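Accompanying notes for the structure given below.
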There are 2 protein chains.
Amino acid sequence: MARLPEYLRALHNLAEAGDDTVSSEGLAAAAGVNSAKLRKDLSHLGSYGTRGVGYDVALLIDQIEFTLGLTQRRAVALVGVGNLGHALAGYAGFASRGFRIAALFDADQARVGEPINGLNVRHISDLAVVAAAESIAIGVIATPAAAAQDVADALVAAGVTSILNFAPCVLSVPEGVDVRKVDLAVELQILSFHEHRKSSLTALPGGLSSPNGLAATGTEEAVGS
Amino acid sequence: MARLPEYLRALHNLAEAGDDTVSSEGLAAAAGVNSAKLRKDLSHLGSYGTRGVGYDVALLIDQIEFTLGLTQRRAVALVGVGNLGHALAGYAGFASRGFRIAALFDADQARVGEPINGLNVRHISDLAVVAAAESIAIGVIATPAAAAQDVADALVAAGVTSILNFAPCVLSVPEGVDVRKVDLAVELQILSFHEHRKSSLTALPGGLSSPNGLAATGTEEAVGS
DNA sequence: AGGCGCTTGTGAACCCGTGCACAAATCGCG
DNA sequence: CGCGATTTGTGCACGGGTTCACAAGCGCCT
């Protein structure tokens with residue numbers, strides 16, 4: 001499930017706080033989900049909690065990390081060291097959660113050789129040999145949209161089977177290759193939609209619950225403080 | 001719906017290519033979704049295409065932009081100009097899609113005054129007055145996780161009603177405030193899970209379809225090239 | 001040892017999103 | 001003017017995710 005990483009993060013926080021066991025209720029609150037959902041998720045990966053007590057934090061961390069394949073430190077290739085790629089290369093959150101940025105690539109010869117965070121930018125034509133040498137299976141695309149499809153093809157040709165795409169475009173990849181897309185502007189547009197919905201709501205004096213039939217599902221939280 | 005921005009992006013591409021009308025099939029392919037789903041989405045916002053012809057590109061763009069509330073250029077505040085915040089401040093994709101980064105904030109006095117992309121970093125204590133002056137309703141949190149909740153509280157106090165959170169933690173906000181969370185490391189962990197699933201799959205000689213019952217829903221594409 | 005309270009695991013109902021398939025409608029052409 | 005090709009809009013069934021509710025199990029206290 002896509003919620004496992006969230007549980008893992010909450011568990012690490014709890015372990016740091018010195019907690020030894022957690023109830024599903026407590027962990028669910030820390031991860032921002034329903035407790036029944038969490039129990040079902042955890043049961044699906046065969047993990048055993050003890051009734052009347054809860055889950056063993058350390059054991060559960062191991063279980064989830066194994067399921068997520070984080071027992072080995074995975075090497076990722078980052079393509080495109082522009083504005084965003086530069087930041088991603090230096091983002092500490094990757095290293096602290098089991099990932100190692102193994103290589104940086106760009107199509108611009110002017111950037112090749114530039115050192116970023118202890119790593120030299122290489123030309124994209126080196127992708128195949130470097131990916132094989134470092135056994136890279138995950139690629140991150142942080143290029144303009146126009147270049148993204150070519151980069152994706154090159155990554156696939158180099159043996160990459162999972163791609164995280166920050167470029168605002170849909171990628172076409174062969175079967176067996178997983179693509180996740182993160183579009184920063186889309187996130188803001190969704191928030192803009194909520195803003196629009198809220199303002200048109202307050203404009204109407206009557207208490208109709210929704211101005212139209214749209215429901216805007218997604219990552220939503222509205223927890224009372 | 002959360003797919004509207006994706007349609008909008010595809011439509012802008014089509015408009016740039018000179019197309020005047022699109023069929024639902026064509027637009028669905030460009031956006032990477034099913035055509036029936038797209039038609040249903042479009043019908044839900046009351047937009048009229050003409051049968052036998054398709055949708056008018058320019059008209060549909062206007063319709064979606066209105067629904068998304070993009071007729072007005074929305075001002076957003078960015079808090080935290082570290083590695084990631086710095087990149088977000090310079091990200092051209094925001095400006096090109098209807099958003100204006102109106103102010104930059106940080107808690108570190110050493111960064112205050114620093115010019116980034118034509119804007120000076122201000123101290124977070126100025127948030128309330130600046131937000132009111134610029135009528136900011138959307139805030140972006142790019143701080144470490146430890147500071148995120150305090151920043152969120154400050155944003156809410158300043159009148160912000162939509163928050164985009166890049167910090168790896170769950171935020172607690174009063175009802176009526178929308179939060180979207182983007183966790184870069186989580187995205188990689190989900191890809192890692194797919195990798196683990198794939199490798200354990202190839203390790204087994206028998207052709208069982210799935211090593212366990214997990215299905216990892218989410219942003220997934222597997223389009224044959 | 002026995003009972004009680006607490007927590008997990010899960011069966012079942014429910015709800016929503018998804019996709020199929022088809023009727024209605026529009027344009028172009030003969 | 002009429003017919004066929006094409007495309008939208010939508011009713012309906014299917015599947016999966018979500019939630020409730022409760023039985024089963026475990027520890028602790030007496």
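Quick caveat, the model's predicted, so the values are computed rather than measured. So you know, we letter chains A, B, ... as the sequences are listed, proteins then strands, and number each from 1.
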What nucleotide, of dG19(C), dT10(C), dT18(D), holds the atom closest to the side chain of Ser43(A)? dT10(C)
Spacing of Tyr7(A) atom OH relative to dT8(C) atom P, expressed in whole Å: 13 Å
Using a cut-off of strictly less than 4.0 Å, decide whether Asn34(A) has a side-chain nitrogen or oxygen near OP1 or OP2 of dC20(D). yes
Could one point to a donor on the side chain of Arg51(A) or the base of dT8(C) with an acceptor on the other under 3.5 Å away? yes
Whole-Å distance between dT8(D) P and Leu45(B) CG? 15 Å
Taking CG from Asp41(B) and P from dG9(D), how many angstroms apart are they, rounded to a whole number? 12 Å
It should be established whether Arg39(A) places a side-chain nitrogen or oxygen under 4.0 Å from OP1 or OP2 of nucleotide dA21(D). no
Would you please confirm or rule out a distance under 4.0 Å between OP1 or OP2 of dT8(C) and any side-chain N or O of Ser24(A)? yes
For dG9(C), take OP1 and OP2 only and decide whether either is under 4.0 Å from a side-chain N or O of Tyr55(A). yes
Report the distance from atom CG of Leu38(B) to atom P of dT7(D), rounded to the nearest whole Å. 14 Å
Inspect the contact between Glu187(B) and Lys181(A) and indicate whether a charged nitrogen and a carboxylate oxygen are less than 4.0 angstrom apart. no
Quick one: Asp56(B) CG to dT7(D) P, roughly how many Å, whole number? 16 Å
Could you state the NE2-P distance from His44(A) to dG11(C), rounded to the nearest angstrom? 10 Å
Identify, between Ala36(B) and Tyr48(A), the residue whose nearest nucleotide on DNA chain C lies closer to the 5' end. Tyr48(A)
Length of the NZ-P vector between Lys37(B) and dA21(C), whole Å: 17 Å
Do the charged groups of Arg3(A) and Glu6(A) touch, with an N to O distance under 4.0 Å? no
Measuring only between side-chain heavy atoms, which start at C-beta, is Ile141(A) closer than 4.5 Å to Leu164(A)? no
Identify, with sequence neighbours excluded, every residue that meets side-chain contact (heavy atoms from CB on, under 4.5 Å) alongside Asn13(B). Arg9(B)
Does a distance-only test, which skips hydrogens and angles, find a donor-acceptor pair under 3.5 Å between the side chain of Lys40(B) and the base of dG19(C)? yes
Do Glu195(B) and Gln72(A) come close enough that some side-chain heavy atom pair is under 4.5 Å? no
Whole angstrom is fine here: how far is it from CG in Leu60(B) over to P in dT8(D)? 11 Å
